[in-house]
Structure formats: C-alpha cells, structure tokens
There are 2 protein chains.
Amino acid sequence: MEHRELMVRAAWLYHVEGLTQQQIAERMNITRRRVNEILSEALETGVVRISFDSALSESVELEVKLRKRFALRDAVVVPTPNETALLHSVLGRGAAGFLGRLIQTQKPASIGIGWGSTLRETIQHMPSLNEPQIKVRSMMGGLTHGSEINTFEIVRGFAQAISAQCRYFAAPIYAESPESREAIISQTVFQRTFRQICDVDVAYLSVGDVSQQSLQVRYGLPEGMSEEILQKAGAVGDLMGRYLNASGQEIDHLLNRQVLSPELDDFRRIGCRIVASGGAHKHKILHAVAQSGLANILITDADSARAILA
Amino acid sequence: MEHRELMVRAAWLYHVEGLTQQQIAERMNITRRRVNEILSEALETGVVRISFDSALSESVELEVKLRKRFALRDAVVVPTPNETALLHSVLGRGAAGFLGRLIQTQKPASIGIGWGSTLRETIQHMPSLNEPQIKVRSMMGGLTHGSEINTFEIVRGFAQAISAQCRYFAAPIYAESPESREAIISQTVFQRTFRQICDVDVAYLSVGDVSQQSLQVRYGLPEGMSEEILQKAGAVGDLMGRYLNASGQEIDHLLNRQVLSPELDDFRRIGCRIVASGGAHKHKILHAVAQSGLANILITDADSARAILA
DNA sequence: ACAACGATGTAACATATGTAACATAAACCT
DNA sequence: AGGTTTATGTTACATATGTTACATCGTTGT
C-alpha cells in the first residue's frame, strides 16, 4: 500500500470511525506505534486537515478595519499564537485558505510568488486543486543558499499542490553591481521573463525586516552590505528584495539598483497583490506596504493588525 | 462570549496551538471538564472539521466505474464504515463536500431537496457559504410526523448553512386519494409551486427502501397501506415518495397517484439530479435510479457501489 | 561482504483525555 | 416562593495517546 493511502486509511478510521490506535493497528496489521506515527504525520503533512467553520469576531473586526484604513481589496487576520514559533504556520494556514478560495472562484491564469518561511508554510496548508492551466512563477531572484524556503522549492511545491505549471526564475536576488544587473536584464530571455512576471494575475509575497532575523539579510546581501547600512539609509524592510522606507518608497541606495525583481511601478499594475507576514519585527514594513498601496490584500496576525492600525 | 466563539477559541488553542485541555482551561478561565465538552461539541456540530486531502484509491476506482456503467455525470464513493450507525454521517460528509464544491463553482440559482437521515447529516457537514441569491426548496411533501429529518427542518437547515433563501412545500407526501391529489394540485398556488420545483437547477435527494427501516413506510403511508402490498406490486424502493420497480419505473399502484411530488418525466429535465444513499437495504433502489437515469449523480458507500456494479 | 545508518518492533512509562459519581448552582415551571 | 430539572464544578478513575529506551531488522554505501 502506498504511504499516502496508508495515512488516509488510518486517519479515516481514527477521526471518522472513532477507533482507538490499538484497534486500528489490529485492523491494518501494523503496530500501534506505527499508527501513532502515521496519524501525527498525516496532520503534519496536510493529508488530514483541521479547519474551522467560523472566524473569531475579533479577526473579522480587524479585517474590516484594515480594509477601510488602507483601502485594501481584502484582508485576512489570523489569531496571534502565544508561541512565536507557530506564527509562520498560522499565517500559512490563513493564506492557504484564502488562496484556495481565490483560485477556485477566480481561476487566475498565472500566479507569481516569492519565497520565505510564510510561503513555505502556505504550501503545507494548501488544498489539493487540479489547475493545470495555471502557471506558477517566481517573481524575483532567490538565495544561492540552498534551503527549502528557497525560491525553487517553493515555486515547485506550490505548483504541485494545485497541479499547476511551474516556471522558475534562475537568478540570484542581487547582482554584483548595478552594471551587472543591467547586463543581466538586457538579455532577451530575462526581458521576456520580466514581462511575464509583471503580467501575472496574482502576486503572493511576504516581506522581510532589516535584522538578522531575515534570511535575506543573513544570506542574500552582497559582500560589505549589512542591516546597519540599510537602516541608516532609512530602510524598514523589503518587498521582493527592494528595501523600502516607512512610506513604502525605495530607499536611495545602490543595493536597490542591483536587485533582480520587478520595478515597483510595474508591480503595482498587477491586479491582485497579496502580502502575507506578521510578527512584531514586521510591523513597520507591513504598514509601509499597506499604506503605500503596494499590497492590496493583506494577510497578517491580530497583534500585527492592531499595531499597524494604531 | 458567544458560545460558538467559545468553541472556536478553545478548538483553535487545542488543534492549532497544541495546548492541553488543562492549559486551555487556565487560559480561558473555565474548568477542564468544560474544555473537554466544548471540544467534543465543536467536532459534533461542525464548527471544527476534519477533512482529508486525498481520496482512497478504492473509492476513486469505484467512482470511475459507476460513471461509466451508468453514464453518470459524476459519482462520489465514501468508505463503508464497519459500524452501520455511522453510514448516514459518512454519506452526509461525502455529499456535503460535493455540494459545497458544486455550489461554489457553479452557482446554481435554485436547489431542490428531499428529506431523511442522509440529508440531515449532509447539513451537519456543509461548509458555511454565503449565497443569498440561491433559493432552497422542498421538492415533495413531507411527513406530518414532526422530527428533525422532516422536510421543514431540512430545508431550513440547508438554507441556513449556505445563507440562502428558503422555500417550503406545505403539503403531506401523500393525499388521501388520487382525486384528492388532483384537487390539491389543481390549485393555482400548487401549480406554481410544482413549476418552480421542476425548474430547479439542482435536485438533492435520497431514496427509501420498502421495509420498516424506512421512515416513510413507518409514518408516511396512508391507512391500509403496507410494505408487503408495495413489494407485491413490484416495488424495490421509492424516490420522492414514488415507488419504483427494479427498472426504475413507477409501479402500477394507486399510491403512486396520490403522491405530491414532481412527475418523473418532469424530474428528468432537471440538469443536476443528485441521489445520496447507501447500505445493504438500499442496493436495489440505488441500482434502479442509476440504471434508469433518474439519478445522474450518485453518492454512495463503497460496499453499495460494488453491489450495484455486480 | 561488512559497517553504518535509519526504520521499526517491543515494552514500559508519563501524561492527556474521556467519563463517572456526587454535590452544588442555575434555570425553569407552577 | 418553592419544587423540579438541568447544567456545571470537583474529584477520581479508566483508558488512550505520546514518547522513551533498547533491540532487531532492513537499507544504503563503500
């Protein structure tokens, strides 16, 4: 029996038929220990899902306020977990629900996505859809530092979750210099790629802060670049590798001329610009992208929502 | 705090944040016993839902076979539970998933529904949708015997689940005589009602067998009518109160001229005719409605699917 | 073929959950 | 207001789940 099928069977017997782990073990001729492990794994991998038929009124209120304050097209507020380690997962859950509904009802032809922990968690919670006509593409260059939150894994994972087509952007997030960036993007293949990126129907991104908590700050910045330098230049965070000030404008810094991602004016022409992020260290950048209209759909946690509404 | 909100909060803390019941009790200033009860209730009432990201391959295979054999528009096969008491719930779960998807993607203007245990369970598992433009209406008369599987409760429950409009059919399933039926349906209000019923985009019904297991046989038949009489006349079960033989044709019996439900020829003109039912006592009637094309979407359990495919 | 590593079985144990028994408080009915 | 019924708190207990420790088996790599 295929492993996934094993998980579904055991989980069905446990959650729907209400058997104990021991009974399931006997039924399926495996040890209780295996049953326990399989059931945990089924929850962890998203084969079994827990969902809620109601939102908390607190979240609903905050969503209304966010939409009004920032003229957002939509907003999703998830409860802030006590344990900060759970924040990405909770945000990912909220985002996956939203994206699942959006994909099913609006049938976008193309989706551009970023990378990072929140996006990684989103994939984990995505419903399985069958959308082979949709193209999922990276919106920006990635880290050369391999990891599962890297752009390749995330684009592929997302495309797989919805059985869509996958388009990579094979470049680092930063070129070595502005001149180097000009040389790269003047190539025909990159020009075509950038055009396609700017033509997506939906963009789904996260934002980063300017601290060592950011993987990009840790692994993506060119030699000699640090968070202090960026902060001094007025940066409160980044969107697609572009460092922004508190008003959501690009800081006047060389780094922003080395970045391999769409110009913000091009980005703004995408109809559906979703930004999902949360946590205390993200309040400033979240406020910046909401206030400036860079994001027209915001997905965040309740504490962050309150902070940016204050 | 509203009770539903209490359930969502407790369930979130338990299922998402992973707190123990004791920790939740402390967080929410209630006893652990209350937490335990609330968590159980949340699952029971559908506030918290367990879903599966994969179907069993066995179910998928049977669905394919059903569609081919009977030229069905679609089929849903749910695993047959060991405990027959769970059958309605499992069927309701499968049907709710299917209906939820159908409503969201196809946006029907009107849905006609029947009544019975399977339909009752369907409501319990329906996702909350917001579809105020949809009209949900009874397709046939009901039992005068009050119960929560009665047509009124079911139409209202279904309409509430999807925030739709609710239209009752205020009549018993059987008139006293064929003449009485003629008198009833010749009234303008009933003529208009029948036309609206026959104009629904989607019909969602169950079927009954000819035994004391059927509530209709127990409480709905007129005086002097019994299952033996119906069986002698060739009946294997009923659809909307119309007793059918093994080929899916109405038996030649007075009772079928007393029934307050659409003529089968009218029924066949509805585009989407869903029948959900299962269990050993339903195999014959399920085969009859599938074979004859009365149902063009079938929702049943794996054992029943195998039986009607044999 | 052998060594190393990972997966799994077995048994035990800690803790979490589900439930029962009884008392008390709250709600309902007359 | 008083009596009855239902809901809830407290405590205890049975059982189910989650995890650990160690042994064994299966797989992988050289």
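So you know, we letter chains A, B, ... as the sequences are listed, proteins then strands, and number each from 1.
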Check: [X]/[Y] side-chain N/O donor and acceptor closer than 3.5 Å:
{"X": "A:Asp209", "Y": "A:Ser214", "result": "no"}
{"X": "A:Tyr204", "Y": "A:Thr122", "result": "yes"}
{"X": "B:Arg4", "Y": "A:Ser54", "result": "yes"}
{"X": "B:Gln216", "Y": "B:Arg218", "result": "no"}

Quickly work out the [X] [atom1] to [N] [atom2] distance and round it to whole Å.
{"X": "B:Leu39", "N": "C:dG18", "atom1": "CG", "atom2": "C1'", "result": "11 Å"}
{"X": "B:Ile24", "N": "C:dG18", "atom1": "CD1", "atom2": "P", "result": "11 Å"}
{"X": "B:Glu41", "N": "C:dG18", "atom1": "CD", "atom2": "P", "result": "14 Å"}

Anything under 3.5 Å between a protein N or O and an N or O of nucleotides 5-9 of chain C, put it in a table, one pair a line.
from	atom 1	to	atom 2	distance (Å)
C:dG9	OP2	A:Thr31	OG1	3.0
C:dG9	N7	A:Arg33	NH1	3.2
C:dG9	O6	A:Arg33	NH1	2.5

Show your reasoning for whether side chain to side chain contact (heavy atoms under 4.5 Å, CB included) applies to B:His88 and B:Arg93. CA-CA 8 Å; B:His88 289 305; B:Arg93 171 192 276 269; over 6 Å; no
Heavy atoms of chain A, cut-off under 4.0 Å: which first and last nucleotide of DNA chain D, 5' to 3', fall inside that, if you could look? D:dA16 to D:dA21
With side chain to side chain donor-acceptor pair (under 3.5 Å) as the test, pick out the partner of A:Gln21 among A:Arg32, A:Arg33, A:Arg34, A:Glu26. A:Arg32
Taking Watson-Crick and G-U wobble contacts under 3.5 angstrom, with | marking pairs to another strand and [ ] crossing pairs, the secondary structure of DNA chain D is written ||||||||||||||||||||||||||||||
Tell me the closest heavy-atom pair linking B:Ala276 and B:Ser206, and the distance in Å. O-OG, 2.8 Å
Identify the heavy atoms of B:Lys282 and B:Ser277 that sit nearest to each other, and give their distance. NZ-OG, 3.2 Å
For A:Glu58 and A:Arg306: C-alpha separation, side-chain torsions, deciding distance, then whether salt bridge (charged side-chain N to carboxylate O under 4.0 Å, His left out) applies. CA-CA 11 Å; A:Glu58 167 196 53; A:Arg306 268 187 290 270; 3.2 Å; yes
Go through the steps for B:Glu5 and B:Arg9 under the test salt bridge (charged side-chain N to carboxylate O under 4.0 Å, His left out), then give the verdict. CA-CA 6 Å; B:Glu5 185 100 356; B:Arg9 277 192 194 281; 3.6 Å; yes
Please check the phosphate of C:dT17 (OP1 and OP2 only) for any side-chain N or O of B:Asn36 closer than 4.0 Å. no
